[in-house]
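Since the model is a prediction, treat every value here as computed from it, not as a measurement. Just so we're on the same page: letters track the sequence lines, and every chain starts at 1.
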Number of protein chains: 4
Amino acid sequence: MSVEDRRVKRLPREVREKQILDAAVQVFSEHGYHNASMDEVSEVAGVSKPMIYAYLGSKEDLFAACIRREANLLMEAIVGGVDQNQPADMQLWMGLRSFFEFVAANKPSWRVLHRQAISQGGPFSEELVAMRSRAINLVDALLFRSATRHGVEEQHATKSTEAMAAALVGGGESMADWWLDHPEVPTRVVASWLMNLVWMGFGDLVEGTVWQPTP
Amino acid sequence: MSVEDRRVKRLPREVREKQILDAAVQVFSEHGYHNASMDEVSEVAGVSKPMIYAYLGSKEDLFAACIRREANLLMEAIVGGVDQNQPADMQLWMGLRSFFEFVAANKPSWRVLHRQAISQGGPFSEELVAMRSRAINLVDALLFRSATRHGVEEQHATKSTEAMAAALVGGGESMADWWLDHPEVPTRVVASWLMNLVWMGFGDLVEGTVWQPTP
Amino acid sequence: MSVEDRRVKRLPREVREKQILDAAVQVFSEHGYHNASMDEVSEVAGVSKPMIYAYLGSKEDLFAACIRREANLLMEAIVGGVDQNQPADMQLWMGLRSFFEFVAANKPSWRVLHRQAISQGGPFSEELVAMRSRAINLVDALLFRSATRHGVEEQHATKSTEAMAAALVGGGESMADWWLDHPEVPTRVVASWLMNLVWMGFGDLVEGTVWQPTP
Amino acid sequence: MSVEDRRVKRLPREVREKQILDAAVQVFSEHGYHNASMDEVSEVAGVSKPMIYAYLGSKEDLFAACIRREANLLMEAIVGGVDQNQPADMQLWMGLRSFFEFVAANKPSWRVLHRQAISQGGPFSEELVAMRSRAINLVDALLFRSATRHGVEEQHATKSTEAMAAALVGGGESMADWWLDHPEVPTRVVASWLMNLVWMGFGDLVEGTVWQPTP
DNA sequence: TATGAATGAGCTTTCATTCAT
DNA sequence: TATGAATGAAAGCTCATTCAT
């Protein structure tokens, strides 16, 4: 019996669950949530449909499980890449690098997270919005701490840093998307562009150098 | 036949098409592309399904038509809000303001464009990517002109400004989304945050003030 | 085009609904609720499944509609066969005859009502129990009126006549079932057996002739 | 291994079979034949599914085994409650009492027998009809003996007593059902109602007091 | 032009049943 | 003996799409 046997039998539950989730991420990332069929997932996973339902539940459940797993992996990658003892700018920089590296190494995961999850209402957005919030909060904390440390009033800082964090996260997502079509650019470079854009602009703002429309 | 009849007959094609597209945008924005049914579109439009197929083609065609129309409206709003004779920063500023105002005034359109269109593969991404490209190019042109004018080498500027433009557009989209949940913040303020973030950071970059990781 | 064309096209809704209900009664009576498949119903009806769902709703709804229709037909047959101006015994007699005649003429209806409906919990039992109640009440009213007229105390009569009515209805159902296997016996005769059994025994009871266990 | 282990291993076949049948009766009575799943039976029984198949065969077989067992219990209860040396009326009376007492003491059994078994075609009706026949024959024998003893011609008695026995059994079933919703009425009372209804009416019939429609 | 009537095709989900250990 | 792991097969339901009028 070859080691490569596509259809291995009687595996423990854990292993099968991983197989299924892997297949699901792949299929969802290729066709999108709605166009993906459970048949294809089962085929790719090398597992019959009833097993999927027995282990992971409905299609919705399966998709949610994918999102949860991938979102956790992504956040772990980012947080794991950051040294909390470093200054704020270095933390942001390392976070960005980790983010782009994760995307580069896990394109299907990213597609599921970015494209599919957002567009499906209710049940999933919760999972997704939760992760997005974590990311935004992470960045927001950095910005906020940095801003107040430079003398900006707390009250004034609160909302603007949150919105900027949202913009940064969104900008990162957008750049990651752009990068999918320009893979020849090293992720390091892409990260540095975003870093510069955000950190310098933010620094200026904190120091009172503000752009204002000429009236 | 009373003047009040909801279902008016024998209307010219243009009017019918508008009715249908309006209904489609509404329905797609509420339920998403896949969960939207042609039945509901026809019901909301007050037009029978065969008419929809006769005038706008398949569901895909209909969705594409929605995107095209809304994307054009959005781009027209942005371009129309910008005075090409103004300096680059003012153009960007007015563009941003117009963008956020459009979103505020056309939430369903925005939802269709931002959430639904992105997540559907192939057929639509073309329409959508086209519009996104127009937006990115618009911004890129501003940045590029400004960068080279300040002495940055063209070759070096090309990719970085494009990526930054992508980041700006993505950041704008993300902020627009954030704003949907914080409508009490005036769009003017949101626009100014993004403007500052981008323009100042970009200015520094152009002038050689660059953030670099401490090695 | 032959008049006998199995698949006639573009019929008005009413006609299709009747076709579908007819087919459903037949199929449900043959295979039972659960073993009946919507595919077979659609095949027998000469109508595609989507029409069934469009017109009659889910399988449950369809079954409920069958029961409702057949139950009404049965009750109408019984009530229609009874002359309210006749004395109680004649009313009961005519009701019994009509009942057995209906069963003889509509065996599938009866199977659906008697065998299938009872065994399916909740949703249907309501429809069914409603009809059964009507039947029991009908009989109960006859018995009760007759009993009190003969001097039995109201309070005492209430429960016993209701229970007896239940027994009569159940006995009727049971006899109808028995008759399905002995169709050579005229329904008239079967009806007379039940009539005698019930009416005579009831009459004795009313007159105080009571059987009691010898202690 | 603790004495308290729910799941005891290596039990003799008899015990396992009883466990399984008990569980099956419970589950079938709760959900009905079709809605009951083998999974639930195995869960309730505390026995894995393969064991069920090994011991009792398919779902149909299992159900048939339930019916057989419960039917036998019921018939044993009835027969065991009757003293064959008593006169016919007392035998009938004791039988009725035993019947209602069994129903009161074994509601799940009764539900399986009365509601579930009847509605499932072919395979089970045989088991069920067999028991029903035994009951009808039992009653029929009593009635027939009593009728011929009173001078009714055998030929004439044959069919009518059989049909009446069917009616009595059906009436009993129906009353048992009625009683499930009126448990405050003592079974003794219910039994006496049915006894009077049947015995008195039958007695009249035997003595030539016959109800006849006025022409 | 306009539509009620109609369907092919496909999807998710469930279950009785059986391997392999 | 006993079971966790696994599946073939089918059922209910929906939807985009098109006739026939």
Side-chain angles (χ1 to χ4, degrees), chain A residues 7-17 34-42 46-55 57-62, chain B residues 7-13 16 34-42 46-55 57-63, chain C residues 7-17 34-42 46-55 57-62, chain D residues 7-13 16 34-42 46-55 57-63:
Chain A
R7 203 91 171 197
V8 189
K9 309 245 171 181
R10 309 287 140 178
L11 295 181
R13 177 169 182 146
E14 282 178 39
V15 181
R16 283 290 192 224
E17 282 190 351
H34 268 101
N35 287 320
S37 81
M38 296 299 269
D39 270 291
E40 189 174 353
V41 173
S42 95
V47 162
S48 71
K49 273 190 294 177
M51 296 292 332
I52 301 183
Y53 282 88
Y55 286 166
S58 73
K59 189 184 185 185
E60 274 200 4
D61 293 339
L62 177 60
Chain B
R7 204 95 167 196
V8 189
K9 308 209 169 188
R10 311 271 152 183
L11 291 183
R13 177 162 185 148
R16 281 287 192 230
H34 266 100
N35 289 320
S37 77
M38 296 299 269
D39 271 292
E40 189 173 353
V41 173
S42 98
V47 164
S48 74
K49 276 190 293 179
M51 295 269 40
I52 301 183
Y53 282 87
Y55 283 163
S58 73
K59 190 186 185 184
E60 274 197 7
D61 294 338
L62 176 59
F63 188 55
Chain C
R7 204 93 169 196
V8 189
K9 308 246 171 181
R10 311 285 142 178
L11 295 181
R13 178 169 183 145
E14 281 178 40
V15 180
R16 283 291 192 224
E17 282 190 351
H34 268 102
N35 287 319
S37 81
M38 296 299 269
D39 271 292
E40 189 173 352
V41 173
S42 93
V47 162
S48 70
K49 269 191 296 177
M51 295 293 335
I52 301 182
Y53 283 88
Y55 286 166
S58 72
K59 190 184 185 185
E60 273 199 5
D61 293 339
L62 177 59
Chain D
R7 202 95 166 199
V8 190
K9 308 208 170 191
R10 314 268 152 184
L11 292 183
R13 177 163 185 146
R16 282 284 192 233
H34 267 101
N35 289 319
S37 78
M38 296 299 270
D39 272 291
E40 189 172 354
V41 173
S42 98
V47 164
S48 72
K49 275 190 293 178
M51 295 269 41
I52 300 182
Y53 282 87
Y55 283 163
S58 73
K59 190 185 186 184
E60 274 196 6
D61 294 339
L62 176 59
F63 188 56

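- Pairing each heavy atom of A:Y55 with each of A:R16, the nearest pair is CE1-CB, 3.6 Å.
- For D:S37, the side-chain hydrogen bond (donor to acceptor under 3.5 Å, both in side chains) test picks out no residue, with sequence neighbours left out.
- Mapped onto DNA chain F by nearest heavy atom, D:P50 and C:N35 fall at different nucleotides, with D:P50 at the one closer to the 5' end.
- Computed from coordinates, the C:E40 CD to F:dA11 P distance equals 10 Å when rounded to whole Å.
- Smallest separation of non-hydrogen atoms from A:A54 and A:R13: O-NH2, 4.0 Å.
- The CG-C1' distance, from C:D39 to E:dT7, rounds to 13 Å in whole Å.
- Both A:S37 and B:P12 lie near DNA chain E, and the one whose nearest nucleotide falls closer to the 5' end is B:P12.
- One finds a side-chain N or O of D:Y53 lying less than 4.0 angstrom from the OP1 or OP2 phosphate oxygen of E:dT17.
- Considering only heavy atoms from C-beta on, B:H34 comes within 4.5 Å of A:N35 through its side chain.
- The side chain of A:K49 has F:dA10 as its nearest neighbour among F:dA10, F:dT17, E:dA5.
- Helical stems involving DNA chain E, defined as 3 or more consecutive Watson-Crick or G-U pairs under 3.5 Å, span E:2-21 with F:2-21.
- For the pair C:R10 CZ and E:dA6 P, the computed distance is 6 Å after rounding to whole Å.
- In this structure, B:H34 places its NE2 atom 9 Å from P of F:dA16, rounding to the nearest Å.
- By the side chain to side chain contact (heavy atoms under 4.5 Å, CB included) test, C:D61 pairs with C:S58, sequence neighbours left out.
- Here the shortest heavy-atom pairing between A:S48 and A:S42 reads C-CB, 4.1 Å.
- For B:Y55, whose side chain is taken as the heavy atoms from C-beta onward, the closest listed nucleotide among E:dT1, F:dT3, E:dA16 is E:dT1.
- Residue B:R13 is out of contact with every strand shown, counting any heavy-atom pair closer than 4.0 Å.
- Straight-line distance from the CG atom of C:L62 to the P atom of F:dA11: 16 Å, rounded to whole Å.
- Atom pair B:I52:CD1 and F:dT18:C1' shows a separation of 14 Å (rounding to whole Å applied).
- Here E:dA16 is the nucleotide among E:dA16, E:dA2, E:dA6 with the atom lying nearest to any side-chain atom of D:K59.
- The nearest pair of heavy atoms linking B:M38 to B:K59 is SD-CG, 3.7 Å.
- The CD atom of A:E17 sits 10 Å away from the P atom of F:dA5 (whole-angstrom rounding).
- Residue D:M51 is classed as a base contact, given a heavy-atom separation below 4.0 Å to a base.
- Each of C:S58 and B:S58 has a nearest nucleotide on DNA chain F; the 5'-most of these lies closest to C:S58.
- The CE atom of C:M38 sits 10 Å away from the P atom of F:dT14 (whole-angstrom rounding).
- Between C:R16 and the phosphate of E:dA6, there is a side-chain N or O to OP1/OP2 separation shorter than 4.0 Å.
- Candidate nucleotides E:dA6, F:dT17, F:dT7 were compared by shortest atom distance to the side chain of A:V47, and F:dT7 ranks first.
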